[in-house]
Amino acid sequence: MTRPPLPLAPALQAAAARLCPDAPQTLSAAALAIAGGSVIGAHLRWDGGEAANVETGWRGRGIEEVLAQTVTG
């Protein structure tokens with residue numbers, strides 16, 4: 001898990017947009033799960049909303065919970 005600095009670097013922004021397509025580019029917080037050099041999960045927060053998603057093969061392993069904790073940390 002990582003809480004990258006904002007604004008996200010272009011590659012991280014593209015990965016976050018793939019996982020959470022409804023999120024705006026201007027974020028107030030972001031937490032990303034990375035495995036094997038790929039972003040496999042994201043929890044994004046912005047003024048007025050938030051979105052979270054984990055790739056299908058990685059769901060149910062506790063990643064969602066850790067992302068939610070990391071984004072608030």
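This is a predicted model, so every value here is computed, not measured.
- The hydrophobic cluster containing Leu12 does not contain Val66, counting ILVMFWY residues as joined when their side-chain heavy atoms lie under 4.5 angstrom apart, directly or transitively.
- Using a 4.5 Å heavy-atom threshold, the side chains of Thr72 and Arg3 count as separate.
- Hydrophobic cluster membership is shared by Ile34 and Leu6, with clusters built from Ile, Leu, Val, Met, Phe, Trp and Tyr side chains linked at under 4.5 angstrom.
- To the nearest 0.5 Å, the span separating CD on Glu50 from NE2 on His43 amounts to 3.5 Å.
- The one candidate from Ile40, Val54, Asn53, Leu44 that meets the side-chain contact (heavy atoms from CB on, under 4.5 Å) condition with Leu19 is Asn53.
- Judged purely by atom type and a 3.5 angstrom limit, Thr2 has no side-chain atom pairing as donor or acceptor with the backbone of Leu32.
- For the pair Glu55/Arg18, a side-chain contact is recorded, criterion being any heavy-atom separation below 4.5 Å from C-beta on.
- A pairwise comparison of heavy atoms in Gln13 and Pro24 identifies NE2-O, 4.5 Å as the closest pair.
- Smallest separation of non-hydrogen atoms from Ile63 and Trp58: CD1-O, 3.6 Å.
- The two residues Ala42 and Leu67 make their nearest non-hydrogen contact at N-CD1, 3.7 Å.
- Of all the heavy atoms in Val71 and Ala68, the pair that sits closest is CG1-O, 3.4 Å.
- Atom CD of Gln25 sits in a sparse spot, with 12 or fewer heavy atoms from other residues, nucleotides or ligands closer than 6.0 Å.
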